[in-house]
S.K.: 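One structure follows; several queries about it will come next.
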Amino acid sequence: MSQITGRIRWYFTHLSFFGIEVDEIESIPAGMVAWDLSENKWTVWQVKDGRESIIRQEDITWQWLDQLESDSRRSVGEFTVSGPSQWLCSGYSDYREFWMFASAYVGLDKGGFQDQIYLVDYDSSWPEQFKEIADWLQSKLGSDVALHIEHYGSTAIPGMPAKPIIDILVEIPSFEEGKKRALPCLNSEMCEYWWYSGHMVLIKRKELMGERAYHIHMAPRGHGIWKGLVFRDYLRSHPEEAKRYALLKYRLAKSHRNDRERYTQAKTEFVHEIVAKALLDF
């Protein structure tokens, strides 16, 4: 098994699969299966009666498939196959569409991801850091996919303390077009992908499993995440509300230092309050 392994989770209908991509495997662990995805076949291996055997082989139809820019030996894509009977749900056809839910890299000697929450004072270089990553994204994704790019989140609010992570919001024509372009060209040891809160998020780290540097949110215009710009703009022009938010962030960062999900969820009520005020003013 290679030191760096791609971690892929495929999701379809009501079932989820978690997989580890490896260059080769010596043996299949008990209770697990091995998949081989080629351009035209999906093969499933499992240990039965003490021997590794093919338990299913089907034609595969790729909805899209492309080589990774970071490693031409590997590909990424989404596909359709005929599912075993235990996968089928009443009212659905025999075919299942697999789409990528998450992808990340891990180093076997790294110990864990560096994801603790800590806040720093506002850094006047953040807008320039945003511009640099926005220009890079525009060149990688192209103007036909990256339709519009905004600086998003607390680092976009002057004077606001924040996690030192630049949030970027990218308008894409559709999630299908966004995935086709973004996942092959942005995939790397320092960039992971998650389907989160109904939109695409790519986390770009400073090094493998290291500190986060950028959060790249991607969604079509009209998606709920775009309300975040209303929140941003309101706090930019209402310093007293921005001060309230800063105090809340400090308190939550202290109480939820090791739980990013709870930290984010605990801010939700305040965010909804500010968005409602902003929309009333508008």
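No hydrogens, no waters, no symmetry mates; every other heavy atom, side chains included, goes into these values. It should be emphasised that the depicted structure is a prediction, and the values quoted were computed from it without experimental measurement.
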S.K.: Pair Asp71, Arg73 - check salt bridge (Lys or Arg N to Asp or Glu O under 4.0 Å), show working.
M.R.: CA-CA 5 Å; Asp71 185 348; Arg73 299 168 302 170; 3.0 Å; yes

S.K.: Sort out for me which residue in Glu189, Glu21, Glu69 forms a salt bridge (charged side-chain N to carboxylate O under 4.0 Å, His left out) with Arg74.
M.R.: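 Output: one option passes, namely Glu21.
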
S.K.: So among Phe18, Tyr193, Tyr196, Trp195, which one has a side-chain contact (heavy atoms from CB on, under 4.5 Å) with Phe101?
M.R.: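 Answer after filtering Phe18, Tyr193, Tyr196, Trp195: Trp195.
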
S.K.: Once you measure the plane-to-plane angle for Phe231 and Phe270, does it fall in the parallel (<30°), tilted (30-60°) or perpendicular (>60°) bin?
M.R.: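 Perpendicular.
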
S.K.: So, the side chain of Glu211 versus the backbone of Lys206: is there a donor-acceptor pair under 3.5 Å, distance only?
M.R.: no

S.K.: I'd like to know whether Gln57 forms a side-chain hydrogen bond (donor to acceptor under 3.5 Å, both in side chains) with Thr43, so could you lay out the CA-CA distance, the side-chain angles of the two residues, the decisive distance to 0.1 Å, and finally the verdict.
M.R.: CA-CA 4 Å; Gln57 190 170 59; Thr43 305; 2.8 Å; yes

S.K.: Checking the side chain of Arg181 only, and the main-chain atoms of Leu141 only, is there a donor and an acceptor separated by less than 3.5 Å?
M.R.: yes

S.K.: Salt bridge check: are Glu240 and Lys243 linked by an N-O gap of less than 4.0 Å?
M.R.: no

S.K.: Ring pair (Phe, Tyr, Trp, His ring centres under 6.0 Å) with His148: which residues, sequence neighbours excluded?
M.R.: none

S.K.: Is the NZ or CZ atom of Arg221 positioned over Trp226's six-membered ring, under 6.0 angstrom from the centre and within 45° of the axis?
M.R.: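 Judged by the rule, Arg221 and Trp226 form a cation-pi pair.
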
S.K.: Say whether, by atom type as modelled, one donor and one acceptor occur between the side chain of Arg236 and the main chain of Ala156 under 3.5 angstrom.
M.R.: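 The answer is yes, because a donor-acceptor pair under 3.5 Å joins these two groups.
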
S.K.: For Tyr234, does its backbone N or O pair with a side-chain atom of His238 as donor and acceptor, under 3.5 Å?
M.R.: yes

S.K.: Got a sec, which residues hit salt bridge (charged side-chain N to carboxylate O under 4.0 Å, His left out) with Asp115, two or more places apart in sequence or on another chain?
M.R.: Arg205, Arg212

